[in-house]
Every structure is written in structure tokens, then in C-alpha cells.
**Student:** 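A single structure is presented below for examination.
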Amino acid sequence: MAALAGPCSRCILPGVNGHVIVIGSINVDLVVAADRLPRPGETILGGRFAVHDGGKGANQAVAAVRAGARVTMIGAVGTDAHGERSIAVLEAEGIDVSRVRRLDSEPTGVAIIAVGPRGENQIVVAPGANGAVELDDADRAAIAGADVLLTNHEIPASASLEALRAAKAGGVTSILNPAPARALSAEVLTLGPILTPNEHELIVAIGNDETGAALDELVARHRGPIVVTQGPAGALLADGDRRERFEGRPAPQVVDTTGAGDTFCGVLAAWTAEGRTLDEAIVAANAAASLSVAGAGARDAMPRREAIEELLGL
Ligand code: RIB
């Protein structure tokens, strides 16, 4: 394993608690597990209904704080019971929620999730307040003072772009998880965040449906590293001419894969914020993602730092 980088200059506890700002979605997940996933037009009977806390942004924030980062969340919920619950849960995790807006005009985001027997899922999101997320000057200033910005595609493209611009202006490392899939603009590619697509998101991002060719094309157009997440197979780092595979860790138990990608991104951000190398951050993120699938919902098995370090033998 590569040597540790020096401690981060802006960390609260140098080398330990980097500051991660997440701007992204906050949802409540309505989940039913079933023996198999339904086909289009089909109704099937499933098992017990469960409500879990979710949203890619909020999940990533929780993964980062459990991995040891100081975390600030920027996002929006409605003035409804789901919103109150979501904020209370994030606060209880130790996340700074002072930049989460409560909007009268929109309900809190909701995701309808079906989980199959191998933990695989189908997800449909009603964005609600997530679709109205926008940045103000105080948000931009907060981003410029953080160690790492982490954002995703469950909020308007304009909001994540604004956040990436603020990070660039402040010299802050940024990570864009391009999920759900959409094409990446030329400006996003020029800003050069660390990109974390899965293979489907990679294909859609570049508009080429052959994975290898899409990656080559994205590398040619993007000014930053690309970490392609591959589920249990691990991750592939593409950075200029460099291609490096990071093997996934076998998951001890697979109950629900919802949020595994979010765990990967949150831990990647936390490790990066404390001054670790990207290689080290990917190794930790892979380990955390493999642990995260052992429980129901996105967050039940999302690991704390001690569990990640134990798996890594640190
Ligand atoms: O990545 C998993 C998340 O996607 C779920 O928690 C759901 O809310 C959707 O945003």
C-alpha cells in the first residue's frame, strides 16, 4: 500500500477529521423485499414493507461521518414529517444540517424501492424538494473552506455545477458521483472532479455504449481521475494513462445493496479529506462498500471507521 500523504492543513484534528461538504439529495425510502423483481407491467406480492432513511446525498454524508470526517450537508426537504425525520436522523449522526433548507413549496423526496433475493434493487425517486436545491453565497463560502466537496445527480445539474465551481475557486478537491445517469457537460469535465460512475453511468455520461471505449473517451475529455465502481468486483481507476484495478472485498453477507455506491463515495471523500492518497481512499471505500450490503436499507450496515480499519488490518 502507498505511504500516507501528509496531514490535511485545514483539518480539525490534523490527519484525522477532514471536512467534507455534501450537496445532494435527502429521501425517505419506502422499501419492499420480494423473491424477485417485477417486470414492466407486472404486479407481484412481496414481503414486509419498511421505511428507511435514504437519498444519495444524505447516504453519502452518513458514510463520510461514520468514516471519521466532519460533515456538512447542503440540501432541501419539505416541511413535512419525512423532512423532520430526515433532518433529525442526520443530526443524530453528527452531521451539520444548518445548510439544509425546509421548503413549504415541495414535499421531501421519496424513493420507492424493490429489493430482490440477492440484494439487487429497482429504485424510482420522486425528487420533491431535492429538485429545488440551489446554492447561496454562504453555501459557496462553506464549500470553499472545506477539504472535499461531494455531490451527485439527484439534485439539479445547475446546483452541482455551482458547487463544483465554488470548490474549484477555493482550491477544494471535488468528487462527483454521476448518479442517476445523465450526460456530463463540457464544463463539468473541465472542472475536473474525481468522477465515480458505475458502468451504466459511464456509458450514459459519454453516450458510447461500449464500456472500454466510453472510458477512453471520458479520460480524453475529463481533467481529473475517474473511479469506475464495479460492485463486488471492486473499482477501476483511470487517470491519464494509468489504469489500475482495485479488487473488491467479498461481502460477508448480502442482504440489500441499496446505498453501497453511496458508502463507497462517502468513504472515498472522508479518506481524501484527511489527506490520504486516492489509491488508499479507493481501498478503504471498497472495504466499506462490501460491509454496507449486510443490512437492510441504505444505512443499517454502513460501517463506522473502526470496522473499516479492522477489515483493512489497520
Ligand atoms: O443510492 C441509494 C439511494 O438512491 C436510496 O437511498 C434512494 O433514496 C435513492 O436516492
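As the structure lists them, so they are numbered: ligands from 1, and atoms in each ligand from 1. Not measured: the values here are computed from a predicted model.
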**Student:** With a 3.5 Å cut-off and no angle check, do the side chains of Thr190 and Glu187 form a donor-acceptor pair?
**Tutor:**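 No.
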**Student:** With a cut-off of 4.0 Å, which atoms of ligand 1 are near a heavy atom of Gly54?
**Tutor:**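 This gives 6 (O), 8 (O) as the contact atoms.
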**Student:** Residue-level breakdown please: for Glu154 versus ligand 1, do any non-hydrogen atoms fall below 4.0 Å on the side chain, on the backbone, on both, or on neither?
**Tutor:**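 Only the side chain of Glu154 comes within reach of ligand 1.
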**Student:** Salt-bridge test for Asp256 and Arg299: reply yes if a basic N is under 4.0 Å from a carboxylate O, no otherwise.
**Tutor:**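 No salt bridge links Asp256 with Arg299.
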**Student:** Could you tell me whether Thr258 and ligand 1 have an N or O pair separated by under 3.5 Å?
**Tutor:** no
**Student:** Have Asn177 and Gln60 got a donor and an acceptor in their side chains that come within less than 3.5 Å?
**Tutor:**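 Distance-only check passes for Asn177 and Gln60.
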**Student:** Should Glu306 and Arg304 count as an ion pair when the cut-off is N to O under 4.0 Å?
**Tutor:**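 Looking at Glu306 and Arg304, the cut-off is not met.
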**Student:** Less than 4.5 Å apart, any side-chain heavy atom of Leu184 and any of His153?
**Tutor:**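 The answer is yes; the side chains approach within 4.5 Å.
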**Student:** Only heavy atoms of Ala111, strictly under 4.0 Å: list the atoms of ligand 1 that pass.
**Tutor:** 7 (C), 8 (O)
**Student:** Distance under 4.0 Å to a non-hydrogen atom of Gly55: what atoms of ligand 1 satisfy this?
**Tutor:** 5 (C), 6 (O), 7 (C), 8 (O), 10 (O)
**Student:** Going by distance only, is there an N or O of Ser25 that falls short of 3.5 Å from an N or O of ligand 1?
**Tutor:**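 In this structure, Ser25 places no N or O atom under 3.5 Å from an N or O of ligand 1.
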**Student:** Between Glu274 and Arg70, does any side-chain N to carboxylate O distance fall below 4.0 Å?
**Tutor:**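 Salt bridge between Glu274 and Arg70, a charged N being under 4.0 Å from a carboxylate O: no.
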**Student:** Are the charged groups of Arg221 and Asp216 less than 4.0 angstrom apart, N to O?
**Tutor:** no
**Student:** Under 4.0 Å from any heavy atom of Asn59, which atoms of ligand 1 are there?
**Tutor:**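 Reading through ligand 1 atom by atom, the close ones are 2 (C), 3 (C), 5 (C), 6 (O).
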**Student:** Kindly confirm or rule out an N or O of Asp29 lying under 3.5 angstrom from an N or O of ligand 1.
**Tutor:** yes
**Student:** Output the list of atoms in ligand 1 that are nearer than 4.0 Å to some heavy atom of Asp262, sorted by atom number.
**Tutor:**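 That gives atoms 1 (O), 2 (C), 3 (C) of ligand 1.
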**Student:** Nearest protein heavy atom to atom 4 (O) of ligand 1, by residue and atom, and its distance?
**Tutor:** Lys56 NZ, 3.2 Å
